[in-house]
**Q** 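Have a look at the structure that comes next, please.
What you see is a predicted model; the values in this text were computed from it and never measured. Letters go in sequence order (proteins before strands), and every chain restarts at 1.
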Amino acid sequence: MADKYKLSEGALAVLMRGDKIDNPIMQVLGSKKLATNDPDKERHRMMLSDGKYLFSFAMFTNQISNSILLGGDFEMFSIIKIKRSVTSEINKDKSADKKILVIMDFEFVAKGSEVGYKIGNPEQLPANLSKESTDPPKPMQTNANSTARMKTSVPSISGINLNNTMQGKATHSISTITPYQNKWVIKARVTNKSNIRTWKNAKGEGSLFSFDLLDESGEIRVTAFKESVDKYYDIIQVDKVYYISKCMTKMANKQYSSLKNDYELTLTNDSVVQECEEETDIPTTKYDFVTIDKLANMEVGTIVDCIGIVKQASDVQTFTAKSSGRELKKRELIIVDPSKASVSVTLWGDTAENYDYTLPVVVIKGGKIGEFGGGKNLAVSMNGFLKYNPDIPEAFSLRGWYDNGGCNEEASNISARSNMGGFQANWMSFREVKDQDLGNVEKGYYYQTAGTVILVRAENIFYKACPQENCNKKIVDLENGTYRCEKCSSEYPNFKYRLLGNVNVGDWSGNQWVSMFSSELEILLGKTAQEVGEIAETDNDGLMQITNEANFKQYTFRCRAKMEKYNDEARLKTVAIKVEPLNYKEYNSHLISRIQQLAS
DNA sequence: CCCCCCCC
C-alpha cells in the first residue's frame, strides 16, 4: 500500500535550488487560502511533500487556482505531477530570503480521497540547499534540451556584469519567461521592429515602439515607451541578436499580437540590452511559405507567409477612409511564384512608402488574406512585415526560376475580380446596394445576399419559348398548330415552357423585387419549367399552391443590380443570376468578420 | 502607458 504512489524524493531541493527536474511527483499536505479582496485573484498557498522534504510556500498561478476552485478537485493528500514551475524570490523585504514555488502546469496523479494518508515522513526543507546536503540518493533525470543550460545560470545571474561578460554565458529561453520570475537573461534575435508611434488619450500621451524577439524556444514582443524609445530605438536592429534582461513582464493582449506567447515585455529604466556580436546559433525568422495558388482557396483572415517576385508595383495612393476619416496610404504589388499564380499585395502606411522597387524578391511574413470582388489578396498589416531579397534558399531558388524563364510564364491572377455568376461575389444587402447607388455602373453591380422568399408572383410566370435548345425567344402562336420563332426565322410544331417572373426577396436590410429566369425559379418552385407551364395552363389553384410553397425558404441569391431608365424614371433593376442553398459556414464567417468590423 | 491594422 505504502508503495503504491511514488514521490520524487529530494525533488523539492532540486527545484528550490533553481535547477530543473522533469515532472516531479509531489503530495499536497495542506493549503491555505491567501487573503485578498478580489475573488478573481483568490489563490492558495500549499504545503508540498516530495516524500523526503516539506515545503510550505508553493502556489498555483491564478488560472490554475481558479480552475481548481471551479472544478472542486482540490483535496488534501492529492498527488500531483508538476509539469512546469518556477521559483521566485519575494524581495519586498530584502532581509528575508524567502523563495516560493509557482506551479504553472500540473496534472493529478491521484486525488486526495483516493490516497487518504501522508506518504513517508518528510522533514522541513533546509534553508541551505547545497547539492551535497539535499541531493536525492538516486540520480534524478534533468532536461536534456535547452532549459538544462539554465542550471548554472539561475543562481549566478545576479552576479553577472552584463556590460562586458555576457558573451558565451548561459541564458534563459524565451519560453520560460513568466511574470513570477524576473531574474533572467535572454539571448534572442530581433525579427521585426515597429516604427515609433505616438499616442494621446485621456490617460496621457507619449511615444512607443515595439520589437519581436525569437530564440529556439519561442518568441516574445518587447515594447519601449517614452524615454526608452530614445534610448533603444537606434540600438535595436532587425536580424541582430541581443542579450536582454530586467524587463517588466505582462500578459500579452492577443487581440493585437499574433506572436505565440502569453506574455510581453516592457523595457524599463533598469533594463539591460546588449548586442551579441559573436556568431550564434539563435535561429532566424522561420517562414511557413504558402504558394500563391493555394491562397485562392484559403479563408479570408488567414495569416500566411508568402514569397514571390514583384511583377508590378503601384505608386503610393493617399485617400481618406470613409469609416474612420483617417488618412490612409497604400501601395499595391503584384507578386508571382512558380505555382503560376499571382496575387495582389497591399502595403499600408510606412511599409507602402518605404517600398524599394529595385529588389525583386519579396517575402511577406504574416500577411493577411483578404477578398475583393471575388478575388483574394494579401495585406501586410501591423503584425506582419515585408522583407526584400532575404538570405534564404527559397529566395535564391525563386530568383533562379524567374531568371530562367519564369518571368515569361503566364500567371493566373487570383486577385482578379470575378464577381460574375458562378463565382464568389461580395456579400451585400439590398439596402446597401440601393443606398450606396452601387447599381449605377455600366456593367451592373454583382453581389450576393442571404435572402428569404417572401412572394413569388404567379401572374405571367411562364411563357412559350422557341424549342431550339439555345434559343429562349418567345414564340408566336400561329393558331394552326405551329409556332414561329422570329429570332430563328423558323416555324415549329412544338414549343417549350420557360419561366420568367418576379420574386419578392427579403434579407436583413429590407426587401427587393428580383427578376428570375427558369434556372432560378425551378429551384425556388421545386419543379421544372415544363411542369410549371403545364400546371399553370390548366390549373390556376395548382399554380398558386406551387408558388405559395416556395415562400419563406432561404437561399443565397447572387444578383446583378443595375440602374435602368423606365419612362425617364431611374429604377434599380435586380436580377438573380444564381440561386443556391445558403452555405451557413461561409455566411457565418462573413457575419463574424462584419461584426468584427463594426466592433473595431 | 499603445491597441489605428484600413480602401476600392
**Q** Nearest heavy atom decides the nucleotide; on that basis, is Leu267(A) or Ser257(A) closer to the 5' end of DNA chain B?
**A** Leu267(A)
**Q** Checking Arg331(A) against Glu353(A) for the salt bridge (charged side-chain N to carboxylate O under 4.0 Å, His left out) test, could you report, in this order, the C-alpha distance in whole Å, the side-chain angles of both residues, the deciding distance, and whether it holds?
**A** CA-CA 8 Å; Arg331(A) 190 198 293 270; Glu353(A) 293 217 81; over 6 Å; no
**Q** Quick check on the 6.0 Å ring-centre criterion: do Phe225(A) and Trp199(A) meet it?
**A**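 Yes, they do, as the ring centres are separated by less than 6.0 Å.
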**Q** Tell me: CG of Leu378(A) to P of dC7(B), nearest whole Å?
**A** 17 Å
**Q** What pairs of residues pass the side-chain hydrogen bond (donor to acceptor under 3.5 Å, both in side chains) test when at least one of them lies in residues 232-241 of chain A, not counting sequence neighbours?
**A**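 Every pair satisfying side-chain hydrogen bond (donor to acceptor under 3.5 Å, both in side chains) with a residue in residues 232-241 of chain A: Gln237(A)-Lys240(A), Asp239(A)-Lys387(A).
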**Q** Under 3.5 Å, is there any donor-acceptor pair linking the side chain of Lys226(A) to the base of dC1(B)?
**A**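 Counting by modelled atom types and ignoring angles, a donor-acceptor contact under 3.5 Å is found here.
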**Q** Round to the nearest Å and state the distance from Gln317(A) atom CD to dC6(B) atom C1'.
**A** 13 Å
**Q** Looking at dC7(B), does its base get a donor-acceptor pair with the side chain of Lys330(A) below 3.5 Å?
**A**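 Per atom types, the contact qualifies.
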**Q** For Glu227(A) and dC1(B), give me the distance from atom CD to atom C1', rounded to whole Å.
**A** 11 Å
**Q** Let's see if you can work this out: which of dC7(B), dC2(B), dC8(B) has an atom nearest to the side-chain heavy atoms of Leu208(A)?
**A**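 Nearest to the side-chain atoms of Leu208(A), counting from C-beta on, is dC2(B).
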**Q** Walk me through it: do Lys246(A) and Asp270(A) pass the test salt bridge (charged side-chain N to carboxylate O under 4.0 Å, His left out)?
**A** CA-CA 6 Å; Lys246(A) 295 183 177 164; Asp270(A) 297 332; over 6 Å; no
**Q** Using whole Å, report how far CG of Asn269(A) lies from C1' of dC1(B).
**A** 13 Å
**Q** Could you tell me the separation between the CD atom of Glu432(A) and the P atom of dC8(B), rounded to a whole number of Å?
**A**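 After rounding, the reported distance stands at 13 Å.
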**Q** dC3(B) P sits how many Å from Glu205(A) CD, rounded?
**A**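 In whole Å, dC3(B) P and Glu205(A) CD are 12 Å from each other.
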**Q** According to the 5.5 Å centroid and 30° plane-angle thresholds, does Tyr256(A) stack upon the nucleobase of dC2(B)?
**A** no
**Q** May I have the distance from Leu265(A) (atom CG) to dC2(B) (atom P), rounded to whole angstrom?
**A**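 That distance rounds to 17 Å.
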**Q** dC3(B), dC4(B), dC6(B): which one has an atom nearest the side-chain heavy atoms of Arg197(A)?
**A**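 Minimum distance to the Arg197(A) side chain belongs to dC4(B).
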**Q** Give the rounded distance in Å between these two atoms: CD of Glu327(A) and C1' of dC7(B).
**A**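 So the CD-C1' distance, Glu327(A) to dC7(B), works out to 13 Å.
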**Q** Which nucleotide wins on minimum distance to the side chain of Trp199(A), given the candidates dC1(B), dC7(B), dC6(B)?
**A**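 Among dC1(B), dC7(B), dC6(B), the one nearest the side chain of Trp199(A) is dC1(B).
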**Q** Given dC7(B), dC8(B), dC3(B), identify the nucleotide with an atom nearest to the side chain of Phe372(A).
**A** dC8(B)
